[in-house]
Every structure is written in C-alpha cells, then in structure tokens.
Amino acid sequence: MQATIHPVDEKLPSGKLFALGMQHVLVMYAGAIAVPLIIGGALHLPKDQIAFLINADLFCCGLVTLIQSLGIWKFGIRMPVMMGVTFAAVGPMVAMAGNPDLGILGIYGAVIAAGLFGLLITPFMSRAVRYFPPVVTGTIITVIGISLMRVGINWAAGGQAMIFDAATKAMVPNPQYGAPENLAIAFIVLASIMLMTKYLKGFLGNISVLLGMVLGFLISLAAGRVNLDGIGAAGWFALITPFHFGVPTFDLGAIVAMCLVMIVTMVESTGMFLALSDLTGKKISQQELANGLRADSIGTVIGGVFNTFPYTSFSQNIGLVGVTGVRSRFVCAAAGMILLAFGLFPKMAHLAASIPVYVLGGAGIVMFGMVIATGIRILGNADLNGNRNNLFIVAISVGVGMIPLVAPKFFQQLPHWLSSIVDSGILLATIAAVLLNLFFNGEGRAADIHKNALAAAHASEH
C-alpha cells in the first residue's frame, strides 16, 4: 500500500508551480523591496547602488526561501514559507546609517554577528513551543492579521500617507494617497478575487489572487497609471557578489542592537510557524521548529555577506496559503527560484515593481483578513467558554498588541534601545499572551498546540 503524501510535501506540475509561485512573489514583493529602499535612502546612496541593494535583496530572498522550504540538513522547516527582510530591523539600521562611524559596513557587520548569535540561541528558542497552546497561538495570529491589515489598507489607498522624497531627503505627504481611482481599482481587485474564488474551480480558483492582481494591473495600464520608467535602462543581467561595498566592520553597540532584533524576529517567526502548522494540518516538532529558526539565522548571515539585511518568515504569505488552500512547500520553492531570477535579471524585477501598490492592496485585504480569521478559528478551540481566564488572556494581549497601531507614540519617552520591542505589536502581544497564560494556566505540553491542527486545516479547505 502506497504511503499517503501530506499536502505540504505534494509536488505539483511545473506550470502550476510557476503560477502559484508567482502569486506568492507578487504578494510579498512590495515588502521585500521596501527595506532596501528605506536604508538606501537613509544612507544617501546613488540610484544605481539602491538598485543593486534591491537586486541583492531579491536574490537573497530567493536563496533563503529555498533553504527554508526545501531544507538543507538542519536548516529549514520544510513548510510553505517565504522569506524576506524583517521590518523590525529598520529602526536600528536607520540609526546606524546616520552614524558616520558605522555606515553600511557597520550595518553589515552587525547583521552577520546577529545571524551567528541566532544560530547559538536557536536550541533555547525552539524549546518555547510548550508555551504556545491554542489560546496563545490564536491570539498571536489574530494580532498578526490585524497588524498586516493596516498595511493592506494603506496599499489600497496608494501606499503610505507619507513618502520619502529623494530630492529633499525628507518625508512628504503622498499626493495620490486615497485617490478615488486607487480605491476603485483596489475594490475591483478585491471583488474579482471574491467572484473567482466562488465561481472558478480547481487550479484557476487557486490562483484567484494572482488573476485579480493581473486584472488590476491591466486596468491601471489602460488608464495610463503604470510607471514603466527604468525598465529600459535596467541591465539584463546583474551578478550579486559578496561584500560588494567592502569588508564589514563590527561595532559592539550595533551588534547588541541587532541581536535584540534577532530575538524579536525569532519570536515572531515561532508564531508564524505555528500558524502554518494549523493552516496546513502538519504538526511540527521541536526539532523542526529549531530548523526553521536556524534558517532565519543563517539567512541573516547570508544577508550580511551578500549586501542585504536580516531575514525572517514573511507573515503576509500565510494569508495566501489560507485563501488558496494550496499547502505545498514546493510552491514557495518555485517562488524562491523566481526571486533568484529577479535578483539576477533586473529587467524582470523592474517589471514586477511597476505593479501599482493599490492593486496589491485589493489582494492584501483578502489575504490579511484570512490571517485574522485563522486566528479567530484557533481561538474557537481554546475553551473560551469553560475557562474564563482564557478570555482575560485574549482581551489583554490583543489590547497590548494594538498599542503601536493606534498610538505609535505611546512609548516615545522610553529608552531608545527598547524601540525594537515596543514598536512591534506582534511581539508585545506574544509576550503578553505567553506570560498571562503562564500566570493563569501554568506550563502546558508541547503537543497541546497541535491537538486541533487537523480540524483547523480541514476547516480552512471549506
């Protein structure tokens, strides 16, 4: 009798892998290139060097995604995970960029050191699985979705309300933010995804998000609202070489700040891995969790060597797994190959970058809402009726997690070094949920977090 292959390990035909992989790439593309743009601007790099940072980032995104999804020895969780530069590192790196004694080489030295630090602490971080029962994971996943929804809504309006002006080196209001045309096209993308999800079956239904974004792009192109500048000037091929800017320097203060970021990203990655475990119905062991965190760490080392920044699991792609129901890790491996190509062939990267952000917003609202729904569904298995204490855990943790979203300056008078912690609503919610669960319920068993995984995965198919 032939052994049943879990959907996570299912190998799909190459045509389907490419389409589904491209869908994942387009979902995370804006977030993937945002950090190089921000740090490049903070360093006052010329346009060609910022373009190199973006190509290097895409190349490393692809490489680390392959490690995470396919697995190499003890590196990689072998789940449908996309990797990208963490936004948790932006604050410290911008501060380093403003220090003439550090600059870009100081940033890369701190990134490499933080990755090595992550490899050292991975065994300790992976043992925390027992502290994540359904009441904790459901709360964290809900807060992840709510935090991402802010991104999706801003995308739908045309991007951030304030944008960086390269000419003045300052933040200025985005004149296109909230334009009726942006909102209309974002709504068309959203509505088309819903219609295709309902009426298209099989493979076409699985790529409804991609088809919706293609429709939005074509409408924008016909309306003359797609900026194709730079594609002609971009090279056909660009080789990503290590230490392009020189030999990294190592500053103790910068290293400590980046190591703190590493801890933050590992906690967030743990929550995302557990979310995927519930979405895919595949139980992950402590060793597999360690392999996933180890891939985050080695990816950060690779980032420092190949002229980019710390890497982590991208939460926005979790929603896509929930929307499509496609759980194969080989889809993310295909997406990793596409990202590698984007990094090596700049013209392809420029074409993908020309997709208007409001088109992504229409799709983002669907996917990020799915993350929220997943968290709520998991909370439904957390005995909220029989255990009143669990209600307090959810209520307080969600409230704490909302602080950076609704009151960004709430912690502005605290020491600056705490910003990596208090500026992340996901991390605040995680810390609150874990501590409150320990207070009310005590320590749990690692197996408890998975007792409803199969039921949750079955529910996600419907």
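Everything quoted here is computed from the prediction, not taken from an experiment.
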Main chain of [Y], side chain of [X]: is a donor-acceptor contact present, judged purely on distance under 3.5 Å?
X	Y	answer
Thr241	His244	no
Thr65	Met83	yes
Arg78	Arg329	no
Gln68	Met82	no
Gln49	Gly40	no
Thr300	Tyr311	yes
Gln23	Leu210	yes

Counting only heavy atoms from other residues, nucleotides and ligands, does the tally under 6.0 Å from [atom1] of [X] exceed 12?
X	atom1	answer
Met402	CE	yes
Phe250	CZ	yes
Phe245	CZ	yes
Phe392	CZ	no

Just by distance, no angles: are the side chains of [X] and [Y] close enough, under 3.5 Å, to form a donor-acceptor pair?
X	Y	answer
Tyr177	Asn182	no
Thr197	Ser208	yes
Asn390	Asn437	no

inquiry  = Could you walk me through whether Leu339 and Met28 satisfy the side chain to side chain contact (heavy atoms under 4.5 Å, CB included) test, starting with their C-alpha distance in whole Å, then the side-chain angles of each, then the deciding distance to 0.1 Å, before giving a yes or no?
reply    = CA-CA 10 Å; Leu339 285 167; Met28 58 91 70; 4.0 Å; yes

Let me have the donor-acceptor pairs involving side chains of residues 104-115, under 3.5 Å, with sequence neighbours excluded, atom names and distances please.
{"residue": "Tyr108", "atom": "OH", "partner": "Asn307", "partner atom": "O", "Å": "2.8"}

message = Walk me through whether Arg225 and Gln176 qualify under side chain to side chain contact (heavy atoms under 4.5 Å, CB included).
response = CA-CA 11 Å; Arg225 306 186 84 242; Gln176 292 299 315; 3.6 Å; yes

So, for [X] and [Y], which heavy atoms are closest and what is the spacing to 0.1 Å?
X	Y	answer
Thr139	Ser397	CG2-CB, 3.5 Å
Arg327	Val321	CG-CG1, 4.3 Å
Phe342	Met22	CZ-CE, 4.3 Å
Gly216	Ile185	O-CG2, 4.0 Å

query = Any side-chain heavy atom of Ser126 within less than 4.5 Å of one from Gln287?
reply =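 No, their side chains stay 4.5 Å or more apart.
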
Could you give the side-chain donor-acceptor pairs of residues 269-276 under 3.5 Å, partners two or more places apart or in another chain?
{"residue": "Ser269", "atom": "OG", "partner": "Thr265", "partner atom": "O", "Å": "3.0"}
{"residue": "Ser269", "atom": "OG", "partner": "Asp296", "partner atom": "OD2", "Å": "2.5"}
{"residue": "Ser269", "atom": "OG", "partner": "Thr312", "partner atom": "OG1", "Å": "2.9"}
{"residue": "Thr270", "atom": "OG1", "partner": "Met266", "partner atom": "O", "Å": "2.9"}

ask   = Going by the angle between their ring planes, with limits at 30° and 60°, are Phe59 and Phe306 parallel, tilted or perpendicular?
value =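 Answer is tilted, since the angle falls between 30° and 60°.
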
